[in-house]
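Data block below; observations after.
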Amino acid sequence: MKPIVSKDSVVYFGQECYTALNSYLEKANHSKICILVDSNTHENCLSLFMSKIENEYDIEVIEIEPGEIHKNIETCSGIWNALSELGFDRKSLMINLGGGVVTDLGGFVACTFKRGINYINIPTTLLAMVDASVGGKTGVDLGNLKNMVGIISESEMVLVDTEYLGTLPVNQMCSGFAEMLKHGLIQDVQYWEKLSDLSQLDFEDLDQMIYDSVVIKNKIVFEDPTEQNIRKYLNFGHTLGHAIESFYLTHPEKPTLLHGEAIAIGMIMEGYLSSELLSLTKNDRKDISDVILATFPKINIDKKDYQDIMNLLIHDKKNENGNIYFVLLNTIGEAKYNCVVSDELILQSFEYYDSL
Ligand code: GLY
């Protein structure tokens, strides 16, 4: 598969990943190299990665706890201290081997340590392959607020090797699938149709489907790397989805929601808003809800939590001058950003989801 080139980075696929990596490591002559893993990728992915490195390098392994609750500044502090104690300088390299938490947080640590060292992303989850590791968004959560602190700066390269998915649990695969569906919904009706016909989907096609998703995302990011305009499309489903995810993160008595599971709910609700405010047809709205609910379990959101979730919308990063902006759909494959939605309609979107 042809590498996908962005402004400052390149996404490589399959075995070509390691040809590119080995040649980069040889040329770059880094003073030190570390690899950031969590305990899952330490156990399941690190030995595969190490077996692909041709030359002898002294690679320091830094391990963090897995999961979104550790995506915070305290974890960063631990890594900054470790890098400092290990004598990492500005010619050092950090390799992030993991899911979205590792690539977002590791990228942020790399971009800020000594004002920035090079980093490489090696996503090991579907979500990180099609979304988190591509496009240079790095950062951490602030309390329960998602990705509040961060910086946009692309990695040297992204290496997408689907062999890492072999040990990934099904719910994590579905979580990534939500972002792939989003790419179809905002930009490519044919891709949406291909993904939505679940009976036709074959695991053999996974590499191609991931590739197509990265092409869609990269095209958008290439045109608008700093999210001044069309990169906002990538937030479809995320305005309500992030608020729901944040709310569930701080309510351990409620079911744990993975990022993609929250975004799946957000896409159904924002599909509803699209049909009320823009030209998305009720048929397409039903199609979106049906396809998503065929993959994701319906979550029973307590009516008394609606307002608390809505209160979290004021923290959305797309907001400007006190306005809460949504990305909605004119039709499947065509999105619109900066849509203003009344509280009453947002409440109705909760009721729509509840009614399914
Ligand atoms: N995950 C959305 C973006 O990269 O813009």
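All ligand and atom numbering here is 1-based and tracks the order in the structure.
Of the protein's heavy atoms, Lys217 NZ, 2.6 Å lies nearest to atom 4 (O) of ligand 1.
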Which pairs would a plain distance check flag for residues 337-348, meaning a side-chain donor or acceptor within less than 3.5 Å of a matching protein atom at least two apart in sequence or in another chain?
{"unit_1": "Asn338", "atom_1": "OD1", "unit_2": "Lys232", "atom_2": "NZ", "d": "3.4"}
{"unit_1": "Ser342", "atom_1": "OG", "unit_2": "Leu345", "atom_2": "N", "d": "3.2"}
{"unit_1": "Gln348", "atom_1": "OE1", "unit_2": "Tyr272", "atom_2": "OH", "d": "2.8"}

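Other members of the cluster containing Ile69 are Leu249, with ILVMFWY side chains joined at under 4.5 Å, either directly or via other members.
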task = List the steps, then state whether side-chain hydrogen bond (donor to acceptor under 3.5 Å, both in side chains) holds for Glu85 with Asn81.
result = CA-CA 6 Å; Glu85 277 158 26; Asn81 278 318; 5.8 Å; no
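Of all atoms in ligand 1, listed by their number and element, those nearer than 4.0 Å to a heavy atom of Leu234 are 2 (C), 3 (C), 5 (O).
Looking at Arg231 next to ligand 1, an N or O pair under 3.5 Å apart turns up.
Which of Asp104, Ile152, Asp131 comes nearest to atom 1 (N) of ligand 1 through a heavy atom is settled by distance: it is Asp131.
The two atoms that bring Glu63 and Ser39 nearest to each other are OE2-CB, 3.3 Å, heavy atoms only.
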